[in-house]
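In this chain, numbering begins with 1 at the start of the sequence shown.
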Amino acid sequence: MRYITLSFRDCATAYGLPEEALQELADLGWLRLQPQPAAEPLIEDEAEHLARIARLHHELHLPPEGIDLILNMRQRMLQLQYELRRQTARATQLEAWVRRHPSTDVD
């Protein structure tokens, strides 16, 4: 992951997002702000994440609330995909164990 630090103004220019939308997304928790106080708020986030937000705003013309909904759904989908991979690996391990111990009564 590559993190970048931009001011709201620079981010608005680079990604074409209005500063008001950036502030709303920061308020919703979808943009990581630099923890140290600065004269101007600084966004410290992944370039890919900022590009994703910009695409949602430009291509789908979503307001910050819509972007929030999409990002929440994406996060949930990623969590479910992770859990599916984990459970699949566990099932594979169990199947391998059962094959190695055929006399074990599973019931």
Next item on the list: Could you point out which residue of Gln87, Gln79, Arg85 forms a side-chain hydrogen bond (donor to acceptor under 3.5 Å, both in side chains) with Glu83?
Entry: Gln87
Notebook entry, point to check: Taking atom CZ of Arg86 as the centre, does the number of heavy atoms from other residues, nucleotides or ligands within less than 6.0 Å exceed 12?
Noted result: yes
Notebook entry, point to check: Which heavy atom of Ala12 sits nearest a heavy atom of Glu19, and at what distance?
Noted result: CB-CG, 3.9 Å
Next item on the list: Can you measure from CZ (Arg9) to CG (Leu42) and round to the nearest 0.5 angstrom?
Entry: 11.0 Å
Check: When rounded to the nearest 0.5 angstrom, what is the spacing between CG in Asp10 and CG in Leu22?
Finding: 11.0 Å
Next item on the list: Compare all side-chain heavy atoms of Asp45 with those of Ile53 and state whether any distance is below 4.5 angstrom.
Entry: no
Check: Are Gln23 and Asp27 close enough that some pair of their side-chain heavy atoms sits under 4.5 Å apart?
Finding: yes
Note to self: With rounding to the nearest 0.5 angstrom, report the CD1 to CZ distance, Ile43 to Arg32.
What the structure shows: 11.5 Å
Item checked: Pairwise side-chain contact, Met77 with Met73, heavy-atom cut-off 4.5 Å (strictly under) -> no
Checklist line | Glu48 atom CD, neighbour heavy-atom count above 12 within 6.0 Å | finding: no
Next item on the list: With the side chain counted from C-beta on, respond yes when Leu50 and Leu17 share a heavy-atom pair under 4.5 Å apart, and no when they do not.
Entry: no
Item checked: pair Arg52-Ile70: side-chain heavy atoms closer than 4.5 Å -> no
Notebook entry, point to check: To the nearest 0.5 Å, what is the distance between CD1 (Ile67) and CD (Glu24)?
Noted result: 9.5 Å
Notebook entry, point to check: What are the two closest heavy atoms between Gly16 and His57, and how far apart are they?
Noted result: O-CD2, 4.1 Å
Checklist line | ILVMFWY cluster, Trp30 and Leu78 together (side-chain gap under 4.5 Å) | finding: no
Check: Rounded to the nearest 0.5 Å, how far apart are CG of Leu31 and CD of Glu44?
Finding: 12.0 Å
Note to self: With a 3.5 Å distance limit and no angle check, can you tell me whether Asn72 reaches the backbone of Asp68 through a side-chain donor-acceptor pair?
What the structure shows: yes
Next item on the list: Could you check if a side-chain atom of Leu6 sits within less than 4.5 angstrom of a side-chain atom of Tyr15, using non-hydrogen atoms only?
Entry: yes
